[in-house]
Amino acid sequence: MLKIKDLTLHYGGSQILHGIDMQADVGKVTCLMGTNGVGKTSLLKAISGTHARSGGSVELNGEDLGQLAAHELARRGVGYVPQGRMIFPLLTVRENLETGYGCLPNGERMVPDEIYELFPVLAEMKSRRGGDLSGGQQQQLAIGRALVTKPKLLLLDEPTEGIQPNIIQQIGRVISYLRDQGKMAIILVEQYFDFAYELADSFYVLRRGEVTKSGTRAQLTRDELVEAVSV
């Protein structure tokens, strides 16, 4: 379980996030929603350690993560798939996946067959350079790379952005599968409302760096969420 209490974040002199409280449970998909520029990506960066938060606490499975650097958080089980995918274009698919080894003990440094089963195209293109893949294939590679690290918490930032519909459906099935395995908590940032609504177990709506509405699927109707996101 991830627990966040009173998290704040600044970029220079500007405060981006204001006292964020949230939690994400293992075996659940927690969705962050809101229009562009409300702080969703900034919150993922704060959780993943790629941008130092200004205040507040982050706990993962009861452990206070303090202000650890991103690579240390990755070793503790925080897997991050950033917006824009950030794969290495000159490395092959296999080499991109192997970059996740840095988070693992020597005896666990392998690409599980399950990743190739979830994303068959990665098996077909193991020797192709990452930069030669389509956007949808690169997104699958970015998710696969995060899964190599065996995350306890998986952060997904706009996984459907700029991707063809059939790949969006596949990514949705993979997220559902990972949730149902019950081994990780998943936080999803997503602008595609229908995709997010179908997958999520709970929702947090951000506006101007603050949580304005939150609740489970049972507590929030579709119309309430649409209204909250549209404000």
Side-chain angles (χ1 to χ4, degrees), residues 1-5 7 20 22-33 40-41 43-50 57-66 68-83 85-87 96-105 107-119 122 139-160 168-190 195-204 214 216-217:
M1 177 188 292
L2 175 80
K3 286 187 176 180
I4 296 172
K5 182 69 175 175
L7 187 150
I20 302 293
M22 69 173 289
Q23 75 175 46
D25 297 332
V26 172
K28 305 287 186 183
V29 174
T30 302
C31 186
L32 296 176
M33 306 184 82
K40 303 185 301 295
T41 292
L43 180 52
L44 291 195
K45 288 182 176 180
I47 296 169
S48 66
T50 54
S57 63
V58 177
E59 291 185 3
L60 184 60
N61 293 337
E63 177 188 6
D64 188 338
L65 297 179
L68 294 175
H71 66 278
E72 289 294 341
L73 290 174
R75 287 196 179 99
R76 281 169 168 76
V78 179
Y80 182 31
V81 181
Q83 190 175 25
R85 301 178 277 274
M86 302 297 180
I87 58 101
N96 267 278
L97 293 171
E98 290 173 349
T99 61
Y101 288 179
C103 304
L104 300 172
E108 297 180 21
R109 294 184 174 183
M110 58 173 289
V111 178
D113 290 339
E114 182 183 48
I115 291 175
Y116 293 127
E117 292 166 3
L118 293 173
F119 300 115
L122 301 183
Q139 186 65 69
Q140 294 173 77
L141 176 56
I143 297 171
R145 177 179 59 188
L147 294 179
V148 167
T149 70
K150 301 182 178 178
K152 300 171 186 173
L153 171 68
L154 180 63
L155 309 174
L156 299 169
D157 195 354
E158 302 278 8
T160 69
I168 290 175
Q169 292 173 3
Q170 182 185 13
I171 289 173
R173 289 192 295 269
V174 168
I175 294 172
S176 293
Y177 169 81
L178 294 172
R179 173 190 57 204
D180 295 344
Q181 293 299 296
K183 297 178 181 178
M184 66 180 74
I186 300 171
I187 296 181
L188 171 67
V189 167
E190 185 54 61
F195 180 85
Y197 186 75
E198 289 300 320
L199 281 172
D201 298 287
S202 61
F203 304 89
Y204 288 84
S214 64
T216 65
R217 172 185 287 275

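For this chain, numbers begin at 1 and follow the sequence in order.
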* To do: Any pair with a residue in residues 70-80 that passes salt bridge (charged side-chain N to carboxylate O under 4.0 Å, His left out), sequence neighbours left out, goes on the list, sorted by first then second residue, please.
  =>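 Residue pairs passing salt bridge (charged side-chain N to carboxylate O under 4.0 Å, His left out), neighbours aside: E63-R76, E72-R75, E72-R76.
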Would you please name every residue forming a salt bridge (charged side-chain N to carboxylate O under 4.0 Å, His left out) with [X], sequence neighbours left out?
X: E198; result: none
X: K3; result: none
X: K183; result: none

Which residues share a side-chain contact (heavy atoms from CB on, under 4.5 Å) with [X], sequence neighbours left out:
X: A142; result: V81, R85, I87, Q139, R145
X: R179; result: V29, S176, I186, D201
X: Q169; result: R173
X: Y177; result: E114, L118, Q181

Just jot down the side-chain hydrogen bond (donor to acceptor under 3.5 Å, both in side chains) partners of [X], sequence neighbours excluded, or say none.
X: D157; value: T41
X: N61; value: none
X: T149; value: none

* Flag side-chain contact, heavy atom, 4.5 Å: L97 against Y116 ->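 In short, these two side chains touch, coming nearer than 4.5 Å.
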* To do: Please tell me if the side chains of V111 and L122 come closer than 4.5 Å, counting only heavy atoms from C-beta onward.
  =>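 Side chain of V111 against side chain of L122, heavy atoms only: no contact under 4.5 Å found.
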* **Under 3.5 Å donor-acceptor, Y80 side chain and A74 backbone** =>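 Side chain of Y80 to backbone of A74: no pair is present.
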* Please round to the nearest 0.5 Å and tell me the distance separating atom CG of L2 and atom CG of L155. =>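 Separation between the atoms: 8.0 Å.
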* To do: Quick one: list whatever passes ring-ring contact (aromatic ring centres under 6.0 Å, His included) with F203, sequence neighbours left out.
  =>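 ring-ring contact (aromatic ring centres under 6.0 Å, His included) list for F203, sorted by chain: Y197.
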